[in-house]
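What you see is a predicted model; the values in this text were computed from it and never measured.
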Amino acid sequence: LAITILILSFILAIPFGFFFSKPLYEFYDLLNKRVFEEIEKNREKEQMLMHQSKLAALGEMLGNIAHQWRHPITRLSLLVQNLKRAYEYNKVDDEFMKKFENKAFEQINYMSQTIDDFTNFFKKDKKKQEFWVENVIEDVLISESQKG
């Protein structure tokens, strides 16, 4: 009798197990799909936020470059105006042109250095470099006295 009950319970357990576990499997499958969809949505949102962050950083960098370029552009504009006036009054000679060229290239080099500085600022493979503040100040003072 015990063996018959055991066999009967196995025979009944298998179909009932499938019958009652099928909704549970469907629920887990649906839950798995929803979790995957939410993960995908979050990943897309995260990528969009990263993209917006990069655009904001780029905008800020361009604003800073524009700010750094305003002064040299103004100086170049004044140099060109001075050249035009000197030409109108027949005061353009070799010495005038040499000074004009030096001052113009100085401003162009400054603008180029600004681009390099910003480019290097965003590079990831930066190496620490020791420097002495006194040397930097001295270089600035020498550079300013030469402009004089």
Side-chain angles (χ1 to χ4, degrees), residues 1-87 96-148:
L1 181 67
I3 293 178
T4 308
I5 292 175
L6 189 61
I7 292 173
L8 185 60
S9 58
F10 273 123
I11 291 172
L12 291 175
I14 292 173
F16 279 125
F18 282 121
F19 177 75
F20 287 114
S21 65
K22 185 177 179 184
L24 196 57
Y25 283 124
E26 289 174 354
F27 174 74
Y28 285 136
D29 189 44
L30 178 64
L31 188 59
N32 192 32
K33 287 179 183 176
R34 285 185 180 170
V35 167
F36 181 75
E37 288 172 1
E38 288 301 317
I39 289 172
E40 277 298 306
K41 285 180 188 176
N42 286 338
R43 188 181 62 78
E44 288 173 6
K45 287 178 186 176
E46 188 176 305
Q47 285 180 341
M48 185 175 65
L49 287 173
M50 284 177 42
H51 181 69
Q52 288 175 343
S53 176
K54 286 179 183 179
L55 288 177
L58 178 63
E60 185 177 342
M61 184 177 75
L62 289 174
N64 289 333
I65 290 171
H67 175 76
Q68 290 295 323
W69 275 17
R70 290 198 200 305
H71 182 69
I73 287 173
T74 301
R75 291 189 72 180
L76 283 170
S77 175
L78 291 172
L79 285 171
V80 170
Q81 289 175 12
N82 286 341
L83 177 63
K84 182 180 177 191
R85 290 256 157 66
Y87 177 77
F96 183 90
M97 286 306 296
K98 186 68 175 170
K99 284 182 182 178
F100 171 83
E101 181 182 27
N102 289 338
K103 288 178 181 179
F105 277 120
E106 183 180 306
Q107 296 307 309
I108 292 168
N109 287 333
Y110 175 83
M111 294 168 75
S112 179
Q113 184 62 47
T114 301
I115 293 288
D116 291 342
D117 290 345
F118 279 100
T119 301
N120 291 333
F121 180 77
F122 285 99
K123 282 186 179 175
K124 292 182 180 180
D125 58 338
K126 296 179 198 171
K127 294 180 182 174
K128 290 185 179 182
Q129 222 175 358
E130 275 191 33
F131 72 97
W132 295 97
V133 175
E134 296 89 14
N135 294 345
V136 175
I137 293 171
E138 187 177 312
D139 290 345
V140 169
L141 292 174
I142 291 170
S143 174
E144 287 298 317
S145 69
Q146 290 175 350
K147 287 181 185 177

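- Judged by distance alone, the side chain of Asn109 and the main-chain N or O of Phe105 form a donor-acceptor pair under 3.5 Å.
- Between atom CG of residue Leu62 and atom CG of residue Leu58 there is a gap of 4.5 Å, rounded to the nearest 0.5 Å.
- Distance check: Ile115 CD1 to Met61 CE gives 7.5 Å after rounding to the nearest 0.5 Å.
- Atom CZ of Arg43 has more than 12 neighbouring heavy atoms from other residues, nucleotides or ligands inside a 6.0 Å radius.
- In Ile3, the CD1 atom is not crowded: 12 or fewer heavy atoms of neighbouring residues, nucleotides or ligands sit closer than 6.0 Å.
- By the neighbour-count criterion of 12 heavy atoms within 6.0 Å, atom CD of Gln52 is densely surrounded, having more than that number from other residues, nucleotides or ligands.
- For Ser9 (side chain) and Ile5 (main-chain N/O), a donor-acceptor pair under 3.5 Å exists by modelled atom type.
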- Item | Test log, rule side chain to side chain contact (heavy atoms under 4.5 Å, CB included), inputs Met111 and Ile65 | CA-CA 9 Å; Met111 294 168 75; Ile65 290 171; over 6 Å; no
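- Between atom CD of residue Glu38 and atom CD of residue Glu40 there is a gap of 11.0 Å, rounded to the nearest 0.5 Å.
- Side-chain atoms of Thr114 come within 3.5 Å of backbone N or O of Tyr110 as a donor-acceptor pair.
- Side-chain atoms of Thr74 come within 3.5 Å of backbone atoms of Arg70 as a donor-acceptor pair (strictly under, hydrogens ignored).
- Of the N and O atoms on the side chains of Gln113 and Asp117, at least one donor lies less than 3.5 Å from an acceptor on the other residue.
- Counting heavy atoms from C-beta on, the side chains of Gln107 and Ile73 never come closer than 4.5 Å.
- Rounding to the nearest 0.5 angstrom, the gap separating the NZ atom in Lys41 from the CD atom in Glu37 is 6.5 Å.
- Note that CG of Leu79 and CD of Glu101 are 12.0 Å apart. Values are rounded to the nearest 0.5 Å.
- Between Ile11 atom CD1 and Leu6 atom CG the span is 10.0 Å, to the nearest 0.5 Å.
- More than 12 heavy atoms of other residues, nucleotides or ligands shown are found within 6.0 angstrom of CD on Gln47.
- Environment of CZ in Phe96: crowded, with over 12 heavy atoms of neighbouring residues, nucleotides or ligands closer than 6.0 Å.
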